[in-house]
Engineer: 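Sharing a structure below in structure tokens format, with a few things to ask.
Letters A, B, ... mirror the listed sequences (proteins, then strands); counts begin at 1.
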Protein chains: 2
Amino acid sequence: MIHSKPSKNIQKICNAKGISLTQKRQNIFHILLSSKIPLSAYDLTDVYKNKFETAMPTMSIYRILEFLTASGLVHKLESTNKYIACSHLQCDHEHSNAQFLICNSCSGVEEITLTSELHKQIETGAEQTGFKVESLQFELHGTCKACLNTH
Amino acid sequence: MIHSKPSKNIQKICNAKGISLTQKRQNIFHILLSSKIPLSAYDLTDVYKNKFETAMPTMSIYRILEFLTASGLVHKLESTNKYIACSHLQCDHEHSNAQFLICNSCSGVEEITLTSELHKQIETGAEQTGFKVESLQFELHGTCKACLNTH
DNA sequence: TTAGCAACGATATATCATATCATCTGATGT
DNA sequence: ACATCAGATGATATGATATATCGTTGCTAA
Ligand SMILES: [Zn+2]
Ligand SMILES: [Zn+2]
Ligand SMILES: [Zn+2]
Ligand SMILES: [Zn+2]
């Protein structure tokens with residue numbers, strides 16, 4: 001099997017978190033890290049086959065995606081049903097404030113962090129109705145800087 | 001064909017907006033209005049059959065859902081792939097700031113509106129990266145007031 | 001009346017996701 | 001080394017969500 005090269009710190013991060021990053025999980029993660037755009041599970045099946053010259057069943061891809069998202073290494077975009085590597089692996093911040101800026105033109109995604117002030121205001125607004133917020137993920141659609149400049 | 005009774009103001013609203021609300025569209029809309037929880041297109045197919053004693057092809061349901069969402073009468077929840085009638089049909093507010101509080105326990109949804117102040121702050125945050133926001137829909141998951149009280 | 005258009009039906013297919021049981025593989029204790 | 005066990009992966013089937021395409025209906029306006 002061909003091995004992907006994990007980014008130098010990923011394995012360290014995983015060890016620290018107690019995450020067991022097998023070779024196949026690394027391979028999937030590496031594809032997502034190198035992709036400019038989010039990929040679906042079936043996209044990953046194709047890319048995997050091309051890149052590693054071995055087929056991985058889509059079922060396994062889904063399992064690995066579930067593992068990687070649960071570990072916080074990967075995010076699922078709910079508005080597009082696609083997956084993307086986390087942009088903030090090095091920093092220790094919570095992902096409760098993540099926000100995704102999704103370009104409708106090039107499909108690129110920028111992951112930014114809401115100020116915790118803003119995050120708190122949003123939660124407070126919701127909780128004024130008696131609702132207890134447990135999770136949220138903000139996905140904004142629009143046009144990215146690069147695409148704006150080329151028009 | 002059995003006719004649903006449209007809420008008294010809906011037809012008026014549609015006329016004002018230039019929306020042509022056919023009987024079948026009214027029927028679908030009416031099902032969503034009466035449902036306590038969001039429904040999928042296939043849920044709607046079943047409910048439609050039971051309620052109106054005629055089958056409507058799921059393809060038609062999808063077309064009608066597209067029409068209703070484009071008209072702003074219905075929203076699609078992206079985190080659950082289900083559809084819900086807009087809670088703010090009477091008021092003229094823009095839906096650019098809609099926010100959905102989705103109960104993980106009873107599946108109920110409350111649609112609230114972000115303050116325009118908060119909305120602007122979020123847009124500004126995104127636009128500092130050069131991104132031009134075109135649409136956003138915030139879906140918060142948690143537990144609703146009623147469910148919190150019964151535990 | 002008929003040409004045109006929007007709505008709707010019918011059928012097929014694409015895309016996204018889960019369920020279940022079998023097999024492999026590596027760690028551990030003897 | 002061997003047995004044992006658990007986690008990871010494979011294989012197969014099926015379910016759930018959504019789109020593509022073409023044909024038909026039914027209204028309306030010239
Ligand atoms: Zn992240
Ligand atoms: Zn772009
Ligand atoms: Zn609404
Ligand atoms: Zn509830």
Side-chain angles (χ1 to χ4, degrees), chain A residues 1-4 6 11 14-15 17-32 37-49 52-71 73-84 107 139, chain B residues 1-4 11 14-15 17-29 31-32 37-49 52-71 73-84 107 139:
Chain A
M1 168 185 290
I2 300 176
H3 289 192
S4 65
Q11 192 71 59
C14 289
N15 291 343
K17 293 186 180 180
I19 294 171
S20 122
L21 198 62
T22 66
Q23 187 57 52
K24 289 175 186 182
R25 287 169 176 170
Q26 278 183 40
N27 290 349
I28 294 295
F29 184 52
H30 191 254
I31 292 173
L32 288 175
I37 59 173
L39 301 175
S40 74
Y42 286 83
D43 292 340
L44 278 163
T45 307
D46 294 340
V47 174
Y48 195 98
K49 189 164 183 180
F52 296 104
E53 292 167 352
T54 318
M56 176 180 291
T58 308
M59 186 64 253
S60 294
I61 307 259
Y62 269 109
R63 265 189 301 236
I64 289 176
L65 285 172
E66 187 186 4
F67 173 88
L68 292 173
T69 52
S71 306
L73 300 178
V74 162
H75 301 296
K76 177 181 182 185
L77 298 178
E78 299 186 323
S79 59
T80 57
N81 300 312
K82 291 187 172 12
Y83 301 82
I84 187 179
S107 301
E139 301 179 18
Chain B
M1 168 187 286
I2 300 177
H3 289 192
S4 66
Q11 193 69 62
C14 289
N15 290 343
K17 292 185 180 179
I19 295 171
S20 121
L21 198 61
T22 66
Q23 187 58 52
K24 290 176 186 178
R25 286 171 177 168
Q26 279 183 37
N27 290 349
I28 295 295
F29 183 52
I31 291 173
L32 288 175
I37 59 173
L39 301 174
S40 74
Y42 287 84
D43 292 340
L44 278 163
T45 307
D46 294 341
V47 174
Y48 194 98
K49 190 165 183 179
F52 296 104
E53 293 168 350
T54 318
M56 177 179 290
T58 308
M59 186 63 254
S60 294
I61 308 259
Y62 270 109
R63 264 189 303 236
I64 289 176
L65 285 171
E66 187 188 3
F67 173 88
L68 293 172
T69 52
S71 307
L73 300 178
V74 163
H75 301 296
K76 177 182 183 184
L77 298 179
E78 299 185 324
S79 60
T80 57
N81 298 313
K82 290 187 172 18
Y83 302 82
I84 187 181
S107 301
E139 300 180 17

Engineer: Please enumerate all residues that pass side chain to side chain contact (heavy atoms under 4.5 Å, CB included) together with A/E78, with sequence neighbours excluded.
Structural biologist: A/Q137, A/E139, B/S79
Engineer: Determine, step by step, whether B/L44 and B/L32 satisfy the side-chain contact (heavy atoms from CB on, under 4.5 Å) criterion, reporting the C-alpha distance in whole Å, the side-chain angles of both residues, the deciding distance to 0.1 Å, and the verdict.
Structural biologist: CA-CA 8 Å; B/L44 278 163; B/L32 288 175; 4.0 Å; yes
Engineer: Once you round it to whole Å, what is the distance between P of C/dA7 and CE of B/M56?
Structural biologist: 13 Å
Engineer: Expressed as a whole number of angstroms, how long is the span from A/E66:CD to C/dA19:C1'?
Structural biologist: 13 Å
Engineer: Measure the distance from CG on A/L44 to P on D/dT9 and round it to the nearest whole Å.
Structural biologist: 14 Å
Engineer: Of the listed nucleotides (D/dT17, C/dA7, D/dG10), which one gets closest to any side-chain atom of B/K82?
Structural biologist: D/dT17
Engineer: Determine: side-chain N/O of A/N81 to OP1/OP2 of C/dA17, distance under 4.0 Å, yes or no.
Structural biologist: yes
Engineer: C/dA7 P sits how many Å from B/L21 CG, rounded?
Structural biologist: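 Going from B/L21 (CG) to C/dA7 (P), I get 11 Å.
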Engineer: Would you mind reading off the distance between B/I61 atom CD1 and C/dG9 atom P, rounded to a whole angstrom?
Structural biologist: 9 Å
Engineer: Please assess B/I28 against B/V74 for the test side-chain contact (heavy atoms from CB on, under 4.5 Å), listing each intermediate value before the final yes or no.
Structural biologist: CA-CA 10 Å; B/I28 295 295; B/V74 163; over 6 Å; no
Engineer: In whole Å, what is the span from the CD atom of B/Q26 to the P atom of C/dA7?
Structural biologist: 14 Å
Engineer: Does A/N81 reach the side chain of A/K76, with side-chain heavy atoms less than 4.5 Å apart?
Structural biologist: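 Yes - at least one pair of side-chain heavy atoms lies under 4.5 Å apart.
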Engineer: Check whether any side-chain heavy atom of B/T22 lies under 4.5 Å from a side-chain heavy atom of B/I64, and answer yes or no.
Structural biologist: no
Engineer: Rounded to the nearest 0.5 Å, how far apart are CG of B/L39 and OG of B/S107?
Structural biologist: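 Answer rounded to 0.5 Å: 10.5 Å.
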Engineer: Is the phosphate of C/dA17 approached by A/K76 (side-chain N or O, under 4.0 Å from OP1 or OP2)?
Structural biologist: yes
Engineer: Let me know, please, whether A/R25 or B/S40 comes out on the 5' side of the other along DNA chain D by nearest nucleotide.
Structural biologist: A/R25
Engineer: Atom CD of B/Q23 to atom C1' of C/dG9: distance rounded to whole Å?
Structural biologist: 18 Å
Engineer: Rounded to whole angstrom units, what separation is found between the CD atom of A/E78 and the P atom of C/dA17?
Structural biologist: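 Going from A/E78 (CD) to C/dA17 (P), I get 10 Å.
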Engineer: State whether A/T22 places a side-chain N or O below 4.0 Å from either non-bridging phosphate oxygen (OP1 or OP2) of D/dA8.
Structural biologist: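 Answer no for this pair, as no side-chain N or O of A/T22 is under 4.0 Å from OP1 or OP2.
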Engineer: Would you call A/I31 and A/F52 a side-chain contact if the rule is heavy atoms closer than 4.5 Å?
Structural biologist: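 When only atoms from C-beta onward are counted, A/F52 and A/I31 do touch, with a gap below 4.5 Å.
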Engineer: For the residue pair B/S20 and B/R25, establish whether any side-chain heavy-atom pair is separated by less than 4.5 Å.
Structural biologist: yes
Engineer: If you only use heavy atoms from C-beta on, which nucleotide in C/dA17, C/dC16, D/dG10 is closest to the side chain of A/S60?
Structural biologist: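 Looking only at side-chain atoms, A/S60 lies closest to D/dG10.
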Engineer: Need the bend value for the helix from C/dT1-D/dA30 to C/dT30-D/dA1: angle between end axes, 5 pairs each end, nearest 10°.
Structural biologist: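 That helix has its two terminal axes inclined by roughly 20°.
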Engineer: Can you check whether B/K82 reaches B/D43 side chain to side chain, under 4.5 Å on heavy atoms?
Structural biologist: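 Yes. Closest side-chain heavy atoms under 4.5 Å.
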Engineer: Considering only heavy atoms from C-beta outward, does the side chain of B/D46 approach that of B/Y42 to under 4.5 Å?
Structural biologist: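 SC-SC contact between B/D46 and B/Y42 ruled out.
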Engineer: Quick one: what's the B/S/- string for nucleotides 19-30 of chain D, heavy-atom cutoff under 4.0 Å, read 5' to 3'?
Structural biologist: BB----------
Engineer: From C-beta outward on B/S20, which listed nucleotide comes closest to its side chain: D/dT9, C/dA7, C/dC8?
Structural biologist: C/dA7
